[in-house]
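Worksheet: the structure to be examined is printed underneath.
Bear in mind the structure is a predicted one, so any value in this text is a computation, not a measurement. Starting from 1, each residue takes its place in the sequence as its number.
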Amino acid sequence: MLITLQFDGDGKFEKPQNNILKTQLKVDERALDMADCHQRVINMCEAIGRLTTAKLHATCKELDIDTRIKKTMDTPVGRTFSEAIILQFHNTVKRTGRKRTQIKICYPVEPPPNIRRAYRNPRSTSLTRHLIPLTHPWPQTEEDSIYFETIKQIAEQALMLLNTNSAQMWQCTGYHPLWHDTTLVNTFNRRVSAETKAKKKDEREAKKKAKEPQKEGTPHPKTGAGRTFGAVPGKFKGVQMRSQLEIRLAAELEERGIKWIYEEERLGEGNYLVDFHLPDLKCWIEAKGKFDARDKFLLREVAEMLKTERGEKLYAYTSRRGYIITKDDFTSMKHSEFWELLQHES
């Protein structure tokens, strides 16, 4: 079972995913047998949320947890990206797999003054030497006690989850309130580098495109040569089609083994060219990005003609919905329902 904590930073970058520092806690699958496992994970994450200045998003696939524990940021957070509150746990039983695991709380809140003065990290490489045991009687003020009780709550919940496997015996080694974590620094620097490279690449492509002369007769890149504004034509199985939506629909039909014929004939008094004929299912499908007044009028007319003269049905397919078309109305449905309906027809 994997508990993932995502800490959203200062919003400095254009892409939201580049603001996130992620840490994970791996717990034995036996924890899922605990009656209050879900609530313990939530309690632990809420306590962690009280010790970070960033937004906190907690996820656990096995427990179906996907929630924003902390939705707002307590400024400032940018200067503390390299530091974290570290809670370290060790397994006292030998030869049972992992010996150590950690909980990292990124963008930490400032600890109380007396502990900040005594335990600020001198950037030593040995975390274990600087850990504060949970039995240390340092709290002197109410502020100290609140901070320490939150640390204890996180440790207690984590130990309950870790010790569900009787073959292991986890204990909390201790914690550090402001550890300079090189892993977080490297992660942050990689995200900065990736964002900088992407921005420079976009700038180079924009400059290159601006220098290229526009060829006479070349269609505008935003419109293409399809029937509809924004349509991009292409071929599928050797058949030239007018838009990518038609190609996607043809691919779906092909995947399901449904025989199709593209633009077989014009139908009705308005000579409407319906995109697909499915002869085995006795129906037709019009792929449409957007219905205009002409479409709404003529498609209803075609639907009535197909029903009365051929005993066939008419459907429409858009990027988001499917439709049953009759002489009176367009009945919408989800794509999943649309394909189930076609399957039933077969």
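Contact of the Leu273 side chain with the Arg242 side chain is registered, since non-hydrogen atoms from C-beta on lie closer than 4.5 Å. Using a 4.5 Å cut-off on side-chain heavy atoms (C-beta onward), Asn271 and Glu269 make no contact. A heavy-atom distance below 4.5 Å is not found between the side chains of Lys55 and Lys71. Contact annotation: the side chain of Leu51 approaches that of Tyr147 to within less than 4.5 Å [non-hydrogen atoms, C-beta and beyond]. Between Thr92 and His90 there is a side-chain heavy-atom pair separated by less than 4.5 Å. At least one side-chain heavy atom of Thr23 sits less than 4.5 Å from a side-chain heavy atom of Cys106. In this structure, Gln6 and Leu56 have side chains that are not in contact, with every pair of non-hydrogen atoms separated by 4.5 Å or more. Put simply, the side chain of Gln39 reaches to within 4.5 Å of the side chain of Asn43, judged on heavy atoms.
Residues Trp170 and Phe89 place their aromatic rings such that the two centres sit no closer than 6.0 Å. Taking the six-membered ring where the residue is Trp, the centroids of Phe330 and Phe291 are separated by under 6.0 Å. Between Tyr315 and Tyr323, a ring centre-to-centre spacing not shorter than 6.0 Å is recorded.
Under the 4.0 Å criterion applied to side-chain N and carboxylate O atoms, Arg300 and Asp328 are not assigned as salt-bridge partners. We find that Glu46 and Lys70 are not joined by a salt bridge, their nearest charged nitrogen and carboxylate oxygen being 4.0 Å or further apart. Ionic pairing of Glu29 and Lys61 is not present here: no N-O contact between side-chain nitrogen and carboxylate oxygen is shorter than 4.0 angstrom. Residues Arg30 and Asp28 are paired through a salt bridge, judged by an N-O separation under 4.0 Å between the basic side chain and the carboxylate. With salt bridges taken as basic N to acidic carboxylate O contacts below 4.0 Å, none links Glu312 and Lys307. Using a 4.0 Å cut-off between charged side-chain N and carboxylate O, Glu252 and Arg256 make a salt bridge.
Paired with His277 under the rule side chain to side chain donor-acceptor pair (under 3.5 Å), one option of Lys282, Glu265, Lys259, Glu264 passes, and it is Glu264. When Thr59, Leu63, Leu161, Ile65 are each tested for a side chain to side chain contact (heavy atoms under 4.5 Å, CB included) with Ile3, only one passes: Leu161. Just one residue in the list Leu342, Leu314, Asp275 forms a side chain to side chain contact (heavy atoms under 4.5 Å, CB included) with Ile285, and that residue is Leu342.
In this structure, OH in Tyr175 is found 4.0 Å from CD1 in Ile132, a value given to the nearest 0.5 Å. Going from atom OG1 of Thr52 over to atom NZ of Lys104 covers 14.0 Å, rounded to the nearest 0.5 Å. Here CD of Gln102 is found 13.5 Å from CD of Gln24. Values are rounded to the nearest 0.5 Å. In this structure, Leu131 CG and Thr173 OG1 are separated by 6.5 Å, a value rounded to the nearest 0.5 Å. Remark: Ile151 CD1 to Ile103 CD1 distance equals 9.5 Å, nearest 0.5 Å. The line from NZ of Lys22 to NE2 of His57 is 11.5 Å long, rounded to the nearest 0.5 Å.
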Original post:
Where do Gln153 and Arg50 land on the side-chain hydrogen bond (donor to acceptor under 3.5 Å, both in side chains) test, with the steps shown first?
Top reply: CA-CA 11 Å; Gln153 183 181 355; Arg50 294 196 291 273; 2.8 Å; yes

Subject >> Full working for salt bridge (charged side-chain N to carboxylate O under 4.0 Å, His left out) between Glu301 and Lys327 >> reply: CA-CA 6 Å; Glu301 179 191 54; Lys327 67 174 183 177; over 6 Å; no

**OP:** Verify side-chain hydrogen bond (donor to acceptor under 3.5 Å, both in side chains) between Tyr262 and Gln240, making sure each step is shown before the conclusion.
**Re:** CA-CA 9 Å; Tyr262 182 69; Gln240 180 67 41; over 6 Å; no

**OP:** Check step by step if salt bridge (charged side-chain N to carboxylate O under 4.0 Å, His left out) holds for Glu286 and Lys313.
**Re:** CA-CA 11 Å; Glu286 172 66 14; Lys313 296 180 180 179; over 6 Å; no

**OP:** Test His335 against Tyr317 for ring-ring contact (aromatic ring centres under 6.0 Å, His included), laying out the working first.
**Re:** CA-CA 8 Å; His335 278 167; Tyr317 186 90; 4.6 Å; yes

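The two residues Gln244 and Pro233 have their closest heavy-atom pair at NE2-O, 3.6 Å.
A donor-acceptor contact under 3.5 angstrom links the side chains of Glu254 and Trp260, judged on distance only. Between the side chains of Thr326 and Asp329, not a single donor N or O lies within less than 3.5 Å of an accepting N or O.
Judged purely by atom type and a 3.5 angstrom limit, Asp295 uses its side chain to pair as donor or acceptor with the backbone of Asp292. With Asp144 contributing its side chain and Thr141 its backbone, the two residues share a donor-acceptor pair below 3.5 Å. Panel note: side chain Glu205, backbone Asp202; no donor-acceptor pair is recorded below 3.5 Å.
Residue-environment remark: CG (Asp33) exceeds the threshold of 12 foreign heavy atoms within 6.0 Å.
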